[in-house]
Q: 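Okay, handing you the structure first.
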Amino acid sequence: MLFFVNNLMLVLHPVKGIFMSHSDIPVRVRFAPSPTGYLHVGGARTAIYNYFFAKALQGTFYLRIEDTDQKRYNEEALQDLLKDLQWLGLNWDEGPGVNEKHGPYFQSQRLHLYAQHIQKLLDSGDAYYCFCTEERLQELRAEQEKSGASITGYDRHCRDISKEEAKNRIAQGEKAVIRFKVPKTGNTTFTDFIRGEISYQNELQDDLVLIKRDGFPTYHFASVVDDHLMQTSHVLRGDEWISSTPKHILLYKAFGWEPPVFCHLPVILAAGGGKLSKRKGAASVGDFRELGYLPEALVNFLALLGWNPGDEREVMSLEEMINSFSLDRINPKSVAFDEKKLKWMNGQHLHRCDHSVLLEALLDGLKKESIQTEDFNKEYHLKVVEMLKTRVSFLTDLAPMASYFYKKPSHFDEKAQKKNWGENSLSISKSVRNELKKLTDFNAVSIEKAFQQLAESSQIGLGKIVGVVRLAVSGVAGGPGLWEMFELLGQSEVLNRIENAESLMKS
RNA sequence: GGCGUGUUCGUCUAGUGGUCUAGGACGCUGGCCUCUCACGCCGGUAACACGGGUUCGAACCCCGUACACGCUACCA
């Protein structure tokens, strides 16, 4: 439940039952991915909100790896995950490799802690051994489905096996899981930070598994134990967890712990609705990196998918977003991922990003295309960047667009040839060459003057004249202002290229 | 099936009972700038899911319905 008093946001602490101003709670939040696949943009956004929230309130953002599913564990996915988070600029204050005072941060290395805690629940009678086989459970489920029963889930078959009997059976080597003893009556209610009060009937919850047959904890158990041990103040996670939250609350209660504040984040859907998947286009952080998106643009875009600063700003730096971030401005509804807007956003960031970033992308790209750059200095490259920056949507557009600044065009755009190299183009070309040859100081101003004079004396439109030689020099129909471009390329190179192309023009 | 969450232009959103003949952004579109292509600038397009209530008054509150999504695993 939220209140605003004199612009100060107050939070009803779920257990203490008192109102606390936000700044009174030492904020510790986590991003807790499971290393089973690439970092999906939905997961990235969850990480972003956690990070923003921590930074906005001078709290701690920690990273915890939920690797409790041995079958689905993927080492490569883990490495990608860490790399992607860093690329996005979401550096963790605590986590693998960083300030490990609440570690270890891999759940697979915390097994002793879960063992210790499950014992407490076993002792208090809040948990019990269940010897049911997978087959029995499957049959049970099939039956429930067939009969259309309204109450589904585990039938609590082993709930009343005495501790002694259970102990004996375990001693004899019988395999078991450990389940939580959910109260059979009553309701469990919690307050979601952005949705308000949510209530579930305990009767409808089944006795969830806490410890699996392989000895590993389930998500439910491990995350509750860890969130407590790691002193998590707020749990910001995907809204697929809403319906398990009452189980988590019940676990906190069984331990006698105060639950954190829960805040369930909406999901990101594909543009046409439905799940966002690789088949429907890029879906992971790595995909967007490869497409040439800037990390700050992706973060900005993702942050705005479900959140806004309360005014009309959209293109924002990381710092700006952190400074205006607050949880209560997150929308509860799921959103569609619109790549068109991301592309625009990327352009915005590209136009204002540091030239050194563009320079690096340019040189990288040229290298990949095996275009020689040794003959040109940094100043030259920067001028190319300056001329091209408003014309690119992606970092990866830069090099292909810049190739003619480094070598003669090897190909002339077909459509542009038809348009620009028709009747008279050869004579236009020759007269341009004639005029440019005369220039003793080959700069943008003098070049422009020469073109203006030629247009006037020949009674041919400036656009037409420019079109002929632009194509000859660059191989394409569009690009930076011709005068600046010619100045940078230099007189002899320009004259050379024009002359070379003349064999393809019509007289 | 049960339970839960959600629903404002095509998309992201503003909006917390009168200032909403619903504002902004992307997209699309008309124009300006101009040597081209972009950028930029100016304008246009288009929405309160539906039905009932409550109220002098509802996008905003309540109840239904529809639709979407999630959970219903010894996955997370």
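So that the names make sense, note that chain A is the first sequence line, chain B the second, and so on, each numbered from 1. Remember, it's a predicted structure, so these values are computed and weren't measured experimentally.
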Q: Can any side-chain N or O of S446(A) pair as donor or acceptor with the backbone N or O of N443(A) at less than 3.5 Å?
A: yes

Q: Examine distances only and state if a side-chain atom of T232(A) and a backbone atom of H234(A) form a donor-acceptor pair shorter than 3.5 Å.
A: no

Q: Give me the atom names and distance for the closest heavy-atom approach of Y128(A) to C158(A).
A: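 Taking every non-hydrogen atom into account, CD1-O, 3.4 Å.
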
Q: Please give me the minimum heavy-atom distance between R195(A) and H264(A), naming the atom from each residue.
A: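 What the structure gives for the nearest pair is NH2-O, 2.8 Å.
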
Q: Determine the contact category for R329(A): base if any of its heavy atoms lies under 4.0 Å from a base atom, sugar-phosphate if only primed atoms, P, OP1 or OP2 are that close, otherwise nothing.
A: sugar-phosphate

Q: Check for a donor-acceptor pair, side chain of S429(A) on one end and backbone N or O of S425(A) on the other, with a separation under 3.5 Å.
A: no

Q: Pick base, sugar-phosphate or nothing for P480(A), based on heavy-atom distances below 4.0 Å to the nucleic acid.
A: base

Q: Against L302(A), only a single residue in L298(A), N300(A), V299(A) fulfils side chain to side chain contact (heavy atoms under 4.5 Å, CB included); can you say which?
A: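 Answer to the side chain to side chain contact (heavy atoms under 4.5 Å, CB included) test with L302(A) among L298(A), N300(A), V299(A): L298(A).
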
Q: When you measure from the side chain of V466(A), which nucleotide among G27(B), C74(B), C35(B) comes out closest?
A: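 For the V466(A) side chain, the nearest candidate turns out to be C35(B).
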
Q: Using only side-chain N and O atoms of N331(A), determine if any of them is under 4.0 Å from OP1 or OP2 of A14(B).
A: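 Result: yes.
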
Q: Using purine N1 to pyrimidine N3 plus N6-O4 or O6-N4 for Watson-Crick, or N1-O2 and O6-N3 for G-U wobble, both under 3.5 Å, which nucleotide pairs with G43(B)?
A: U29(B)

Q: Counting Watson-Crick and G-U wobble pairs only, both distances under 3.5 Å, name the nucleotide matched with U16(B), or none.
A: none

Q: Is any side-chain N or O of Q348(A) closer than 4.0 Å to OP1 or OP2 of G40(B)?
A: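 For G40(B), OP1 or OP2 has a side-chain N or O of Q348(A) closer than 4.0 Å.
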
Q: Assign Y200(A) to base, sugar-phosphate, or nothing according to its heavy-atom contacts below 4.0 angstrom with the strands shown.
A: sugar-phosphate

Q: From C26(B), C71(B), U5(B), pick the nucleotide closest to the side chain of W344(A)?
A: C26(B)

Q: Counting Watson-Crick and G-U wobble pairs only, both distances under 3.5 Å, name the nucleotide matched with U36(B), or none.
A: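 Across any shown strand, U36(B) pairs with none.
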
Q: Expressed as a whole number of angstroms, how long is the span from R237(A):CZ to A76(B):C1'?
A: 11 Å

Q: Heavy atoms under 4.0 Å, any strand shown: does I211(A) hit a base, just sugar-phosphate, or nothing?
A: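 No contact.
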
Q: Side chain of T68(A) only, please: which of G24(B), A38(B), A76(B) is the nearest?
A: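 The closest nucleotide is A76(B).
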
Q: Can you measure D227(A) atom CG to A76(B) atom C1' for me and round it to whole angstrom units?
A: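 That distance rounds to 14 Å.
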
Q: Under 4.0 angstrom, heavy atoms only, what part of the nucleic acid is G306(A) near: base, sugar-phosphate, or nothing?
A: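 Counting heavy atoms under 4.0 Å across all strands, the contact made by G306(A) is with sugar-phosphate only.
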
Q: Starting at atom CZ of R213(A), determine the distance to atom P of C75(B), rounded to an integer number of angstrom.
A: 11 Å

Q: For A25(B), does OP1 or OP2 lie under 4.0 Å from any side-chain N or O of K343(A)?
A: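 False: K343(A) side-chain N/O out of range (4.0 Å or more) of A25(B) OP1/OP2.
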
Q: What's the verdict on side-chain hydrogen bond (donor to acceptor under 3.5 Å, both in side chains) for N187(A) and S199(A), showing C-alpha distance, side-chain angles and the deciding distance?
A: CA-CA 7 Å; N187(A) 291 302; S199(A) 188; 4.5 Å; no

Q: With the side chain of T152(A) defined as its heavy atoms from C-beta on, choose the nearest nucleotide among G10(B), U5(B), U72(B).
A: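 Closest nucleotide among those given: U72(B).
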
Q: Take atom CG of N346(A) and atom C1' of A38(B), then tell me their distance rounded to the nearest Å.
A: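 Checked: the CG to C1' distance equals 15 Å.
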
Q: Nearest-Å distance, CD1 (I198(A)) to P (G70(B))?
A: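 After rounding, the gap between these two atoms is 17 Å.
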
Q: Within less than 4.0 Å of OP1 or OP2 of U8(B), is there a side-chain N or O belonging to K333(A)?
A: yes

Q: Rounded to the nearest Å, what distance is computed from the CG atom of residue L276(A) to the P atom of nucleotide C12(B)?
A: 13 Å

Q: Side chain of T218(A) only, heavy atoms from C-beta on: which candidate in A76(B), C12(B), G4(B) is closest?
A: A76(B)

Q: If you measure from the C1' atom in U11(B) to the same atom in C3(B), how many Å do you get, rounded?
A: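 Going atom to atom, C1' in each nucleotide, I get 31 Å.
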
Q: Using a 4.0 Å heavy-atom cut-off, does K275(A) contact any base of the nucleic acid, only the sugar-phosphate backbone, or nothing at all?
A: sugar-phosphate

Q: Please confirm whether any donor atom in the side chain of R179(A) sits under 3.5 Å from an acceptor in the base of C74(B), or the reverse.
A: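 In this structure, the two groups form no donor-acceptor pair.
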
Q: Would you classify A336(A) as touching base, sugar-phosphate or nothing, given that sugar-phosphate means primed atoms plus P, OP1 and OP2, and contacts are heavy atoms under 4.0 Å?
A: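 Result for A336(A) = sugar-phosphate.
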
Q: Taking only N and O in the side chain of N308(A), is any of them less than 4.0 Å away from OP1 or OP2 of A14(B)?
A: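 Answer is yes, contact under 4.0 Å.
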
Q: Could you measure between the two C1' atoms, the one in A59(B) and the one in G15(B), and give it in whole Å?
A: 8 Å

Q: When the P atoms of C71(B) and A14(B) are considered, how many whole Å apart are they?
A: 26 Å

Q: Please determine, for the side chain of S243(A), which listed nucleotide (C35(B), G6(B), G70(B)) has the closest atom?
A: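 Nucleotide nearest to S243(A)'s side chain: G70(B).
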
Q: Could you let me know what U72(B) is paired to, Watson-Crick or G-U wobble, both distances under 3.5 Å, or none if it's on its own?
A: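 In the structure as shown, U72(B) has G1(B) as its Watson-Crick or wobble partner.
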
Q: Taking CD from E314(A) and P from A25(B), how many angstroms apart are they, rounded to a whole number?
A: 8 Å

Q: Centroid separation under 6.0 Å, is that true for the rings of Y49(A) and W307(A)?
A: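 Here the rings of Y49(A) and W307(A) have centres that are no less than 6.0 Å from each other.
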
Q: Just checking E66(A): base, sugar-phosphate only, or nothing, at a heavy-atom cut-off of under 4.0 Å?
A: sugar-phosphate

Q: Whether R141(A) contacts A73(B) is assessed here as follows: a side-chain N or O lying under 4.0 Å from the phosphate OP1 or OP2. Is that the case?
A: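 For R141(A), the contact criterion (side-chain N or O under 4.0 Å from OP1 or OP2 of A73(B)) is met.
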
Q: From C12(B), C75(B), C74(B), pick the nucleotide closest to the side chain of E134(A)?
A: C74(B)

Q: Find the partner of C9(B): check Watson-Crick (N1-N3 plus N6-O4 or O6-N4) and G-U wobble (N1-O2, O6-N3) distances, both under 3.5 Å, and reply none if neither fits.
A: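 Pairing partner: none.
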
Q: Side chain of V335(A), heavy atoms from C-beta onward: which of U5(B), U13(B), G24(B) has the nearest atom to it?
A: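 The listed nucleotide nearest to V335(A)'s side chain is U13(B).
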
Q: Between G153(A) and V392(A), just flag the one whose closest nucleotide in RNA chain B comes earlier from the 5' side.
A: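 That would be V392(A).
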
Q: In the structure shown, which nucleotide is the Watson-Crick or G-U wobble counterpart of U65(B), with both distances under 3.5 Å?
A: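 WC or wobble partner is A49(B).
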
Q: Ignoring the backbone of L137(A), work out which of G2(B), C74(B), C26(B) is nearest its side chain.
A: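 So the side chain of L137(A) is nearest to C74(B).
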
Q: Which pair of non-hydrogen atoms, one from P400(A) and one from T396(A), has the smallest distance, and what is that distance?
A: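 Smallest interatomic distance, heavy atoms only, reads CD-O, 3.2 Å.
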
Q: Counting only Watson-Crick or G-U wobble pairs whose two distances fall under 3.5 Å, which nucleotide matches A22(B)?
A: none

Q: Remember a base hit wins even if backbone is also touched, and classify L305(A) as base, sugar-phosphate or nothing at under 4.0 Å, heavy atoms.
A: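 The answer is sugar-phosphate, as L305(A) gets under 4.0 Å only of primed atoms, P, OP1 or OP2.
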
Q: Mind checking G479(A) for me? I need base, sugar-phosphate or nothing, with any heavy atom below 4.0 Å counting as a touch.
A: base

Q: Compute the ring centroids of F288(A) and F337(A), then answer whether they are less than 6.0 Å apart.
A: yes

Q: When you compare C41(B) with C33(B), how far apart are their C1' atoms, in angstrom units rounded to a whole number?
A: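 The same atom, C1', in both gives a distance of 8 Å.
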
Q: Ignoring hydrogens and angles, does a donor from either the side chain of R391(A) or the base of C39(B) sit under 3.5 Å from an acceptor on the other?
A: no

Q: Output the rounded distance in Å from CD1 (I330(A)) to P (G6(B)).
A: 14 Å

Q: Below 4.0 angstrom from OP1 or OP2 of C75(B), is there any side-chain N or O of K212(A)?
A: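 Result: yes.
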
Q: Base, sugar-phosphate or nothing for V177(A)? Non-hydrogen atoms, less than 4.0 Å.
A: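 Touches a base.
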
Q: Taking only side-chain nitrogens and oxygens of R72(A), does any of them come within less than 4.0 Å of OP1 or OP2 of A73(B)?
A: no

Q: Just checking S34(A): base, sugar-phosphate only, or nothing, at a heavy-atom cut-off of under 4.0 Å?
A: sugar-phosphate

